[in-house]
Amino acid sequence: MIHANLDEVLALTNIVDRMADKALNAQAKGAALSRFEGAKQRFFAQLLIAMKVPSLIAAITQEVEAGHHAIVQLVTTAEAMLDRRLASLTADERANLDIELSPSAAMIDYLKTAFPVRMMKIIKGSDDVERSELMIDEQGNPVFCQQALALRDEMIEQLCSLPPIRLALDELIRHFGTDRIAEVTGRSRRLVHDATGRQRVERRGGRSNLVEAESFMSGAKPILVFSDAGGTGRSYHADRNSKSADRRRIHFLLEPGWRASNAIQGLGRSNRTNQASAPVFRPVTTDCRGERRFISTIARRLDSLGALTRGQRQTGGQNLFDPSDNLESDYARDALVQWYHLLHRGKLTSTSFKAFVDMTGLKLIDKDSGGLVDDLPPIQRWLNRLLALRIETQNAIFEEYMALIQARIDAAREAGTLDVGVETLQTERTILLDEQLLCRDPVTGAETRLSRLELHYRRRATGYGQLMREHGHAPVSWLRNGRSGRVALQRPSWSIMDGEGNAIPMWELVRPTGRERMQDSALKESHWAPIDGQEFEAFWHAEVEEARARIDIETINMATGLLLPVWNRLPDDDLRVWRVTDAQGNSVLGRIISPSGVEKVTRSFGVDMAITLSPAEMIAGARSSEGVAVPGMDGARLIWVHVNDSRRLELRDFPAARRDWLKSIGCFTEVIQYRTRMFIPADRASSIVDQLVRTGTQWNVLAAPASRAA
């Protein structure tokens, strides 16, 4: 409502020229819009928090009845709003308090103080361009636009007639009472209700937070609400030395705020050493997709918090958020540009181009060309404008937008380029086979090494009971692969969107040792087929037993030690950081280097390649675009290629003098485009590559003294 009237008032007061579609006073226009967007963002932040309170109260009640202690973390206490309201009251009104604090106060204050109602007069400068400046009368008093005043007063009256929405902190205290809820915040006074229901202002002394925290830790009060200002340096965990040690903490993250470090510190207050039980973290959110505006900011900041200083992403968000929650990432920005183009071409079903522009006021069309402007609105502005749309419209737009983001994240995850922080490989045993020094920092002496590790691990298998607890309530199908004999539970997954705006249905296949997402068309063309539920359960149990009994052995190459200063010298085909831990408590942190990347690492650090790849690793590394080098073969490389509609393993740039020897061990040649090319039969690839490696290593040993003698 304010947005629609704001455009009208900007024209009525001569701040903009509606006919020429230009600003006559850009500074006044910018100030009005900036104040409006700031007030609107604060309003929706508080409104969304207030919408969560009924469900939060029910959850807290359930947890307390179960014998737990509830902790609510928030940022906003509305003390400033209360102070302004109290300051505006008369003595009689203060004696008989009847105050309703509501998020709508932010918008009403904007209308009273920043809504443009002063009249502007149009002038022409020396450059003959029309501008506007503030109009004053003969006595020097400001001149107001009567139509703008009437619109403003009508909006204030309408907003004030709406039922108030109680603020979260006050509503929690009103519902549970001060005898059950401990408040540890920075506010010095609060609004409470006495036994008769009358309002009164209660002052909080300097020791109030200390007393409240102690009453919670002693078990006198089962619920605690704390904010940034009140929680500094305090602990609320199930301390073994406290009287409430037997009460598990259920930590509700109601409002994370804008500062990632404070959000994580707040979570850490219920998770300390010497605790009898670990807390349960429960982030509280709504199904209104516009809330992603606030989740996105904290997720983006958590993504970068701690990762550079500790070498691990868990220091930041503890995997609290998914990569798709960060709507300010490169994936999200690219998806937004595509969303704009699909909207302009009429490919979306959530809204039309004209309706979206009318609802948000975003300028998307170039007046001269009729196409989209080059400088499209950034993600932050787009998200802010979406907050004011009706919830069903927000959700429909986000469904399409998130499908575009998810398509990019899925592609990055499959390519190994998705930066998701630290991932853990839990092994039974880790054996260091070989190690090569890459570089040493001249100041600190810290080293970067290339380690060759042999991992012995058991696959983590999901039992049938756990499978049913997680997915038994949802519509699922039982599948078995006709080729491999493996089984999988099929469940609907979020769809992705192609470049033309068409939704691509996706399925998730949950298997005993993992899961994968598959397009609907690919699933129909695969060997997966439905089976009976009882038959599925029997096969599932058999796979779980087989997986838990078998120990798999895998060899990997990992760059360890000092990584950040040499990050750009490592291959960029896989950016993930891994922690390898074993049953003996040993731990190795680093980046896994693919077989094709081992040579790149040694080349970029200027060292000789001391680690020898196995035949299986070389064959796997040959799948990269550059292939993998063959030791002792003067620059020859193994690489998979397509020749005559078939996939072949080629020995590219082989030494011509060794052609007959290569053919004698099983390789074959073919003349293509006046060039003799050497191929390795796929069915004998492992034995032939093994002979290439052993013979090449011998040639290197023999060639070394000859080179020195020369």
Side-chain angles (χ1 to χ4, degrees), residues 49 53 56-57 60-61 63-64 67-83 86 101 167-195 199-259 261-282 284:
I49 292 171
V53 171
L56 176 63
I57 288 175
I60 291 175
T61 303
E63 296 294 353
V64 172
H68 300 147
H69 265 19
I71 299 174
V72 180
Q73 178 179 344
L74 48 73
V75 176
T76 307
T77 62
E79 182 180 20
M81 187 187 301
L82 176 62
D83 291 343
L86 291 175
L101 301 180
L167 296 172
L169 178 56
D170 291 333
E171 180 63 8
L172 289 171
I173 292 176
R174 188 196 67 80
H175 184 273
F176 291 106
T178 55
D179 58 332
R180 299 189 66 206
I181 191 166
E183 178 188 344
V184 183
T185 66
R187 62 180 183 176
S188 59
R189 53 184 176 177
R190 62 186 180 183
L191 203 63
V192 297
H193 293 76
D194 58 21
Q199 288 183 344
R200 63 181 177 86
V201 176
E202 180 181 87
R203 291 198 171 273
R204 306 180 72 244
R207 290 179 51 84
S208 295
N209 286 340
L210 182 63
V211 173
E212 292 281 71
E214 178 59 31
S215 65
F216 174 77
M217 295 299 290
S218 66
K221 295 184 178 182
I223 307 166
L224 177 130
V225 180
F226 77 93
S227 67
D228 290 346
T232 304
R234 292 186 172 86
S235 299
Y236 312 124
H237 63 301
D239 193 339
R240 296 179 185 274
N241 300 323
S242 68
K243 296 180 180 179
S244 62
D246 59 332
R247 305 279 181 164
R248 187 170 194 170
R249 273 42 171 177
I250 311 298
H251 192 131
F252 295 92
L253 180 60
L254 178 63
E255 184 186 5
W258 301 99
R259 299 180 63 183
S261 57
N262 287 4
I264 294 305
Q265 287 174 4
L267 293 174
R269 303 202 183 286
S270 62
N271 187 28
R272 304 286 204 194
T273 57
N274 196 41
Q275 60 187 4
S277 59
V280 176
F281 292 128
R282 297 186 65 179
V284 188

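Just so it is clear, the model here is predicted, and its values are computed rather than measured.
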Ion pair present between Glu202 and Arg200, side-chain N to carboxylate O less than 4.0 angstrom?
yes
Does Asp83 have any side chain to side chain contact (heavy atoms under 4.5 Å, CB included) partners at least two apart in sequence or in another chain, and if so, which?
Glu79, Arg189
Identify each donor-acceptor pair in which a side-chain atom of residues 210-223 lies under 3.5 Å from a protein atom, sequence neighbours left out, and give them as a table.
unit_1, atom_1, unit_2, atom_2, d
Glu212, OE1, Lys221, NZ, 2.6
Glu212, OE2, Glu183, N, 3.0
Ser215, OG, Glu212, O, 2.6
Ser218, OG, Glu214, O, 3.0
Ser218, OG, Ser215, O, 3.1
Lys221, NZ, Thr178, O, 2.9

Does any part of the side chain of Phe176, heavy atoms only, come nearer than 4.5 Å to the side chain of Ile57, both counted from C-beta?
yes
Heavy-atom closest pair, residues Ile173 and Arg190:
CD1-NH1, 3.9 Å
From CZ (Arg282) to CG (Leu56), nearest 0.5 Å:
9.0 Å
Criterion side chain to side chain contact (heavy atoms under 4.5 Å, CB included) on Phe252 and Gln73, from CA distance to verdict:
CA-CA 6 Å; Phe252 295 92; Gln73 178 179 344; over 6 Å; no
Nearest non-hydrogen partners of Arg187 and Thr77, listed with the distance:
NH1-O, 3.4 Å
What are the two closest heavy atoms between Glu255 and Val75, and how far apart are they?
OE1-N, 3.0 Å
Glu63/Arg248 ion pair, N-O < 4.0 Å:
no
Hey, what do you get for CG (Leu254) to CD1 (Ile71), rounding to the nearest 0.5 Å?
13.5 Å
Ile60 side, atom CD1; Ile181 side, atom CD1 - distance, nearest 0.5 Å:
6.5 Å
Within a strict 4.5 Å, meaning less than it, do heavy atoms of the His251 and Val280 side chains meet?
no
Quick check for you: to the nearest 0.5 Å, what is the distance between Arg240 atom CZ and Asp246 atom CG?
12.0 Å
Which heavy-atom pair separates Leu191 from Asp170 by the least distance, and what is that distance?
O-OD1, 4.5 Å
Donor-acceptor contact present, side-chain Arg272 to main-chain Ser235, <3.5 Å:
no
State, to 0.1 Å, how close Val184 and Asn209 come at their nearest heavy-atom pair, and which atoms those are.
CA-OD1, 3.4 Å
CZ of Arg234 to CG of Leu224: how many Å apart, nearest 0.5 Å?
10.0 Å
If we only count heavy atoms from C-beta on, is the His175 to Val53 side-chain gap below 4.5 Å?
no
Which residues share a side chain to side chain contact (heavy atoms under 4.5 Å, CB included) with Pro279, sequence neighbours left out:
Arg249, Ser270, Asn271, Gln275, Phe281
